[in-house]
Enquirer: 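For reference, the structure I am asking about is given below.
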Number of protein chains: 2
Amino acid sequence: MSLTIAQASARTGLSIDTLRYYERDGLLLRPVARSATGHRRYDEADLEWVRLVTCLRATGMPVREVRRYADLVRAGDGTEQDRLDLLHEHREQVIAQLEQVTAHLSAIERKIGLYTEKLHGAETERAGGLDLERAPAGSLAP
Amino acid sequence: MSLTIAQASARTGLSIDTLRYYERDGLLLRPVARSATGHRRYDEADLEWVRLVTCLRATGMPVREVRRYADLVRAGDGTEQDRLDLLHEHREQVIAQLEQVTAHLSAIERKIGLYTEKLHGAETERAGGLDLERAPAGSLAP
DNA sequence: GTCACTCCTGGAGTGCGCTCCAGGTCAAGG
DNA sequence: CCTTGACCTGGAGCGCACTCCAGGAGTGAC
């Protein structure tokens with residue numbers, strides 16, 4: 001059971017161009033097999049690897065780093081510790097990034113809270129005046 | 001109390017070039033004030049806004065969307081609902097992205113688990129043989 | 001007055017990750 | 001036979017978000 005590039009594209013969610021680009025750029029373990037007429041044929045192992053690549057890419061790993069990982073896998077036995085190190089480091093970065101985004105997200109949610117209050121709480125509470133982000137009065141025309 | 005661009009850069013974590021670029025591109029609410037010699041002077045309100053921009057950027061909002069938000073704030077009263085909508089939509093996207101990254105992260109952690117087992121559990125358990133990502137034997141040399 | 005320093009401007013350049021294109025091959029259907 | 005359609009290749013092009021550069025001006029220390 002092997003798939004055409006169009007089918008592989010549908011199954012992985014990557015565009016046909018991206019699949020070819022990943023292959024050219026060495027992100028795949030080996031060139032994809034070809035039919036008699038030179039068309040690519042993806043097998044389940046190819047798709048599985050592409051899914052892993054997608055996983056790494058979607059968590060922010062740069063293409064060149066994915067290639068490094070693929071290089072290690074291609075090199076075979078003896079590189080397992082290096083692969084593990086690479087994945088570990090990436091994991092740390094992803095976690096740090098998640099924390100950062102989460103923190104920024106709550107700042108945004110605070111802002112949303114202020115706006116919501118201003119807009120929908122305006123009928124009941126109309127004193128004080130929330131500034132939000134209006135520029136300080138008179139800063140340009142003193 | 002106003003700061004030079006170098007000081008603003010240090011306080012916000014953005015590069016000097018980026019601060020100028022954001023201003024040129026309309027991401028700031030208004031042109032930064034200038035000293036007698038034409039040098040930029042950042043006040044606390046400028047920094048506060050830059051911090052908000054950083055918050056939006058760090059959560060993946062494109063520059064053009066930040067500009068749209070700045071445009072709305074600049075437009076003043078009556079745009080609050082639009083601003084709220086924009087923030088809400090961004091919030092949804094950030095949450096979706098967080099979920100996606102979290103899911104991919106656990107896939108990566110499973111992989112790390114397999115490698116760790118293979119490397120450090122090898123002394124105790126040496127049967128079965130985990131495949132990980134080796135290509136199927138004989139796929140290229142049948 | 002001459003360094004060194006920080007800042008200014010407009011515009012060019014960079015790195016990334018795709019995405020698109022021209023021109024061509026093969027196979028099947030009408 | 002001819003068209004249609006899926007695929008191929010090498011290479012160019014694109015959008016984004018910066019980042020860098022050349023050339024210049026003001027300020028202070030010596």
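Here is the naming used below: chain letters follow the sequence lines, and residue numbers restart at 1 for every chain.
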Enquirer: Classify the nucleic acid contact of Ser35(A) as base, sugar-phosphate or nothing, counting any heavy atom under 4.0 Å across all strands shown.
Expert: nothing
Enquirer: Under 4.0 Å: is that the gap between some side-chain N or O of Arg64(B) and OP1 or OP2 of dC16(D)?
Expert: yes
Enquirer: Please report the distance, rounded to the nearest Å, between NE2 in His39(B) and C1' in dT9(C).
Expert: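 My rounded result for the distance is 12 Å.
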Enquirer: Go through Val73(A) and Trp49(A) one step at a time and tell me if the side-chain contact (heavy atoms from CB on, under 4.5 Å) criterion holds.
Expert: CA-CA 11 Å; Val73(A) 175; Trp49(A) 178 260; 3.9 Å; yes
Enquirer: When the distance from CZ of Arg40(B) to C1' of dG26(D) is rounded to whole Å, what number comes out?
Expert: 16 Å
Enquirer: Salt bridge check: are Glu44(A) and Arg11(A) linked by an N-O gap of less than 4.0 Å?
Expert: no
Enquirer: Does any non-hydrogen side-chain atom of His39(B) lie less than 4.5 Å from one of Ile5(B)?
Expert: no
Enquirer: Are any non-hydrogen side-chain atoms of Arg40(B) and Ile16(B) less than 4.5 angstrom apart?
Expert: no
Enquirer: Ignoring backbone atoms, establish whether Thr18(B) has a side-chain N or O less than 4.0 Å from OP1 or OP2 of dT19(D).
Expert: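 It does, given that an N or O in the side chain of Thr18(B) lies less than 4.0 Å from OP1 or OP2 of dT19(D).
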Enquirer: For the side chain of Ile5(B), counting heavy atoms from C-beta on, which of dC7(C), dC20(D), dC18(D) is nearest?
Expert: dC7(C)
Enquirer: Can you measure Arg57(B) atom CZ to dA17(D) atom P for me and round it to whole angstrom units?
Expert: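 Taking CZ of Arg57(B) and P of dA17(D), I get 5 Å after rounding.
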Enquirer: Tell me whether the OP1 or OP2 atom of dC18(C) has a side-chain N or O from Tyr22(A) closer than 4.0 Å.
Expert: yes
Enquirer: Of Thr37(B) and Asp17(B), whose nearest nucleotide on DNA chain C comes first from the 5' end?
Expert: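 Comparing both residues, the 5'-ward one is Thr37(B).
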Enquirer: How many Å lie between CD on Gln7(B) and P on dT6(C), as a whole number?
Expert: 12 Å
Enquirer: Ala6(B) near the nucleic acid: base, sugar-phosphate alone, or nothing, with a heavy-atom cut-off under 4.0 Å?
Expert: sugar-phosphate
Enquirer: To the nearest Å, how far apart are Tyr21(A) OH and dG13(D) C1'?
Expert: 14 Å
Enquirer: Starting the side chain at C-beta, find the nucleotide from dG10(C), dC7(D), dT19(C) nearest to Ile16(A).
Expert: dC7(D)
Enquirer: When you look at Leu52(A) and Val66(A), which way does the side-chain contact (heavy atoms from CB on, under 4.5 Å) test go after all the steps?
Expert: CA-CA 10 Å; Leu52(A) 172 61; Val66(A) 178; over 6 Å; no
Enquirer: Using five pairs at either end of the helix from dG1(C)-dC30(D) to dG30(C)-dC1(D), determine the angle between the two local helix axes and round it to 10 degrees.
Expert: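 The helix from dG1(C)-dC30(D) to dG30(C)-dC1(D) shows an end-to-end axis angle of 20°.
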Enquirer: Between dG10(C), dC20(C), dC8(C), which nucleotide has the shortest distance from any of its atoms to the side chain of Arg34(B)?
Expert: dC8(C)
Enquirer: Looking at Glu109(A), is its backbone amide N or carbonyl O close enough to the side chain of Ser106(A) to form a donor-acceptor pair, meaning the two atoms are under 3.5 Å apart?
Expert: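 Not a single qualifying donor-acceptor pair exists.
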Enquirer: Starting from P on dG17(C), measure out to CD on Glu23(A) and report it in whole angstrom.
Expert: 18 Å
Enquirer: Would you say Arg20(B) reaches dC7(C)'s phosphate, i.e. side-chain N/O to OP1/OP2 under 4.0 Å?
Expert: no
Enquirer: Could you give the CG-to-P distance, from Leu19(A) to dC20(C), as a whole number of Å?
Expert: 14 Å
Enquirer: Check for a donor-acceptor pair, side chain of Ser9(B) on one end and backbone N or O of Leu14(B) on the other, with a separation under 3.5 Å.
Expert: yes
Enquirer: Could you check how far OH of Tyr42(A) sits from C1' of dC7(D), rounded to whole Å?
Expert: 11 Å
Enquirer: Considering just the side-chain nitrogens and oxygens of Thr4(B), establish if one lies under 4.0 Å of OP1 or OP2 belonging to dT6(C).
Expert: no
Enquirer: Taking atom CG of Asp71(A) and atom CZ of Arg68(A), what is their separation to the nearest 0.5 Å?
Expert: 8.5 Å
